[in-house]
Amino acid sequence: MGSKIAIIGTGYVGLTTGACLAHLGHTVVCADVVQEKVDALNRGEVPILEAGLDDLVQEGLRSGQLTFVMGAENAVAEAEFVYLCVPTPQGEDGSADLSYIQQAAAQIAPHLLSEAVVINKSTVPVGSTRVVEKALGRSDVFVVSNPEFLREGSAVHDFLNPDRVVIGADDQGTAIRVAGLYLGLAAPLQVTDPASAETIKYASNAFLATKISFVNAIAAVCEAVGADVNDVVLGMGYDKRIGNAFLRPGPGWGGSCFPKDSHALVRIAEDAGYDFGLLKGVIDVNEDQFARVADKIERMAGGSVDGKVVAVWGLTFKARTDDLRDSPSLNIVGRLRQRGARIQAYDPSLEDASDPRLEGIEVTPDPYAATAGADVLAILTEWDEFKWLDFDKVGENMAQKRVVDGRNLVDRTGLVRRGFTYEGIGRS
Ligand code: UGA
């Protein structure tokens, strides 16, 4: 028998959580504040690019186990469990802004069933479980932390095949009730206190960001000493203590999570009296990486991009998503535009240039059009399809056959054979 669940917020975490919980047999009502979004979702139209999510939403709508409503208060009346999945954007001082969480909690408080469990899935500073308890002001409902570890682009897969489920609760009984929602998932379950659960989330993202900054720093060393970072990572990864996951060099890390969460953790530590110099260094290396890749493209264009045409493949923060938030590609493109470059860009997930963040960029309908008359081609996200394009045609299109491969994605040997000048990341 499934449980009755409400989800507050239908961003990629809320929507994935709702659709997956309905798939697991629960009855789920999702609430949002945007009428058009709610209407579209009730028609089975998913506003984000997320593998497998359309199918699950449509399955839930057909079975009646998934519905969408306007307004948090209209979702919770019968709910035994309420997930808070609202944004926690970065505030001006780097800390996470909790106002959406507090608003949502205050809004649902009068409508909650007695004994309901409010589950915090938004990424929140340590201690926020208490903030939610306070905003709810109800001694007969429980609040737990249950952080999400979903990657955009594979969120459905990650939800249904988690590495672990972490539940931070003050009492064992509530933790067991929440654990029951995930029966059927083959994953280790960790029950801990709320502060530790919240810290697990921040520490995990900070560690992953550290791995990437580390490999990008090693890539810089490789360039200086004449080594090949791909071989270095391969050699390191055979050591089981290191592993090879999350050690792909690139243009720097971005997205809606790592930048915000790393800054927030620096701030959390600072407020608690600890100077997290290591994590500050990780953030600095990342900022440097944007600059290094922009400089590399400029050098490849002949020392200046002023008045030059730079073709860019990939604008989102990584492949298999249409998310432009904190995209390293857009950061680098911004730097090049400031230096006078004309940008012709293609991204498989973007149909047009209607997003205001793309202002000043000529978005082309296919990858070849982006290379027309270009002085240099920069590959900035790792879409698989970029590997298999006709590089003879690309070469004929370009004014100069020069490629900066910001993801070490394409076949260097093949390109050199076709007369391209090629530079990757960390490969001299
Ligand atoms: C990240 C975490 O991976 C999830 O576990 C977490 O749940 C999520 O944040 C979150 O907090 O909600 P996501 O932001 O979707 O997921 O993106 P990642 O796949 O982690 O990639 C982040 C950035 O690192 C991207 O810009 C990506 O291109 C870059 N990256 C990743 C590399 O440059 N090299 C790598 O080896 C891996």
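Computed from heavy atoms alone, side chains included, the values below leave out hydrogens, waters and symmetry copies.
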Q: Drop me the distance from K387's NZ to E382's CD, to the nearest 0.5 angstrom.
A: 10.0 Å

Q) With distance as the sole test, does T17 use its side chain to make a donor-acceptor pair with the main-chain N or O of V13 at under 3.5 Å? A) yes

Q. Around E385, counting heavy atoms of other residues, nucleotides and ligands shown, do more than 12 lie under 6.0 Å from its CD?
A. yes

Q. Quick one: do the N230 and N408 side chains pair a donor with an acceptor below 3.5 Å?
A. yes

Q.
Contact between L136 and V141 at the side-chain level, heavy atoms closer than 4.5 Å - yes or no?
A. yes

Q) N286 and G252: which non-hydrogen atoms are nearest, and at how many Å? A) OD1-CA, 3.1 Å

Q. When you measure from the side chain of S349 to the backbone N and O of T321, does any donor-acceptor pair fall under 3.5 Å?
A. yes

**Q.** CD1 on I332 to CZ on R337, rounded to 0.5 Å
**A.** 15.0 Å

Q.
So, using side-chain hydrogen bond (donor to acceptor under 3.5 Å, both in side chains) as the criterion, who are the partners of D375 when residues are at least two apart?
A. none

(Q) The criterion is side-chain hydrogen bond (donor to acceptor under 3.5 Å, both in side chains); which residues satisfy it with S99, sequence neighbours excluded? (A) D97

Q: Look at the side chain of N42 and the backbone N and O of F68, then say whether any donor-acceptor pair between them is shorter than 3.5 Å.
A: yes

Q. Applying the side chain to side chain contact (heavy atoms under 4.5 Å, CB included) test to I425, which of R407, Q289, R292 qualifies?
A. Q289

(Q) Hydrogens and angles aside, do D366 and Y346 bring a side-chain donor and acceptor to less than 3.5 Å of each other? (A) no

Q) What distance separates E362 CD from Q344 CD, expressed to the nearest 0.5 Å? A) 5.0 Å

Q: Go through the side-chain N and O atoms of E198 and T129 and say whether any donor and acceptor fall under 3.5 Å apart.
A: yes

(Q) Strictly below 4.0 Å, N to O, side chains only: are R339 and D295 in salt-bridge contact? (A) yes

Q.
Show, in sequence, the C-alpha distance, side-chain angles and deciding distance for F276 and Y274, and conclude whether the ring-ring contact (aromatic ring centres under 6.0 Å, His included) test is met.
A. CA-CA 6 Å; F276 206 152; Y274 177 69; 5.8 Å; yes

Q. Closest heavy-atom contact between P110 and A106?
A. CD-O, 3.5 Å

Q) Is Y100 close to T88 at the side-chain level, that is, under 4.5 Å between some pair of heavy atoms? A) no

Q.
Any carboxylate oxygen within less than 4.0 angstrom of a Lys/Arg side-chain nitrogen, looking at R130 and D170?
A. yes

Q) Any idea which heavy atoms bring V229 and P249 closest together, and the distance? A) CG1-CG, 3.6 Å

Q: Could you tell me whether the side chain of R427 reaches within less than 4.5 Å of the side chain of C222, counting heavy atoms only?
A: no

(Q) With no hydrogens and no angle check, just 3.5 Å: does a side-chain donor-acceptor pair link S304 and D306? (A) no

Q: Decide salt bridge (charged side-chain N to carboxylate O under 4.0 Å, His left out) for D275 and K280; before the verdict, give the C-alpha distance in whole Å, the side-chain angles of both, and the deciding distance to 0.1 Å.
A: CA-CA 9 Å; D275 179 12; K280 287 181 187 166; 2.6 Å; yes

Q. If you round to the nearest 0.5 Å, how far is CG of L84 from CD of Q102?
A. 11.5 Å

Q) Near K4 NZ, under 6.0 Å, is it more than 12 heavy atoms from other residues, nucleotides or ligands? A) no

Q) When you measure from the side chain of S213 to the backbone N and O of V282, does any donor-acceptor pair fall under 3.5 Å? A) yes

Q. So do R164 and S204 actually touch side chain to side chain, heavy atoms under 4.5 Å?
A. yes

Q. Going through the distances and angles, do T67 and L61 end up as a side chain to side chain contact (heavy atoms under 4.5 Å, CB included)?
A. CA-CA 6 Å; T67 45; L61 288 170; 5.5 Å; no

Q. Rounded to the nearest 0.5 Å, how far does CG of L324 lie from OG1 of T316?
A. 6.5 Å

Q: Measure from the side-chain N and O atoms of E73 to the backbone N and O of I108, and report whether any donor-acceptor pair falls under 3.5 Å.
A: no

Q. Are any non-hydrogen side-chain atoms of V82 and I119 less than 4.5 angstrom apart?
A. no

Q. Should the heavy atoms of other residues, nucleotides or ligands under 6.0 Å from CZ of F214 be counted, would the total exceed 12?
A. no

Q) Honestly, is R177 close enough over F81, meaning NZ or CZ under 6.0 Å from the six-membered ring centre and within 45° of the axis? A) yes

Q.
Ignoring hydrogens, what is the shortest heavy-atom contact between I200 and F149? Give both atom names and the distance.
A. CG2-CZ, 3.9 Å

Q: Could you grab the distance from atom CZ of F258 to atom OG1 of T210, nearest 0.5 Å is fine?
A: 9.5 Å

Q: Might you point out which heavy atoms bring L358 and A353 nearest each other, and give the distance in Å?
A: CD1-CA, 3.9 Å

Q: Output yes when a side-chain donor or acceptor of K121 lies under 3.5 Å from a complementary backbone atom of G14, and no otherwise.
A: no

Q. Considering only heavy atoms from C-beta outward, does the side chain of V29 approach that of N74 to under 4.5 Å?
A. no

Q. Step by step, would you call L350 with D355 a side chain to side chain contact (heavy atoms under 4.5 Å, CB included)?
A. CA-CA 9 Å; L350 303 173; D355 191 297; over 6 Å; no

**Q.** Salt-bridge criterion met for K296 and E223 (N-O under 4.0 Å)
**A.** yes

Q.
I'd like to know if the side chain of E50 and the backbone of A155 have a donor-acceptor N/O pair within less than 3.5 Å.
A. yes

Q | Chi angles and distances behind the salt bridge (charged side-chain N to carboxylate O under 4.0 Å, His left out) call for D228, R412 | A | CA-CA 12 Å; D228 185 326; R412 172 171 65 176; 3.4 Å; yes

Q) Side-chain contact, heavy-atom cut-off 4.5 Å: W253 with D326? A) no

Q. Could you go step by step and tell me if Q35 and D39 meet the side-chain hydrogen bond (donor to acceptor under 3.5 Å, both in side chains) rule?
A. CA-CA 6 Å; Q35 184 73 57; D39 292 344; 3.0 Å; yes

Q. Is the backbone N or O of V166 less than 3.5 Å from a side-chain atom of N146, with the two atoms forming a donor-acceptor pair by type?
A. yes

(Q) Between H23 (side chain only) and A19 (backbone N and O only), is there a donor and an acceptor less than 3.5 Å apart? (A) no

Q. If you take all heavy atoms of G314 and L380, which pair is closest and at what distance?
A. O-CB, 3.8 Å

Q: Scan residues 140-152 for pairs that pass salt bridge (charged side-chain N to carboxylate O under 4.0 Å, His left out), counting only residues two or more places apart or in two chains.
A: R138-D140, E148-K201, R151-D158, E152-R325

**Q.** Over 12 non-hydrogen atoms of neighbours within 6.0 angstrom of CD in E78
**A.** no

Q: Without swapping roles, check the side chain of T199 against the backbone of A195 for a donor-acceptor pair under 3.5 Å.
A: yes

Q: Apply side chain to side chain contact (heavy atoms under 4.5 Å, CB included) to the pair I7 and I5, showing each step before the final yes or no.
A: CA-CA 7 Å; I7 310 270; I5 296 174; 4.1 Å; yes

Q) Counting heavy atoms not belonging to R342, are there more than 12 under 6.0 Å from its CZ? A) no

Q: State, yes or no, whether a side-chain contact exists between V404 and L377 at a heavy-atom distance under 4.5 Å.
A: no

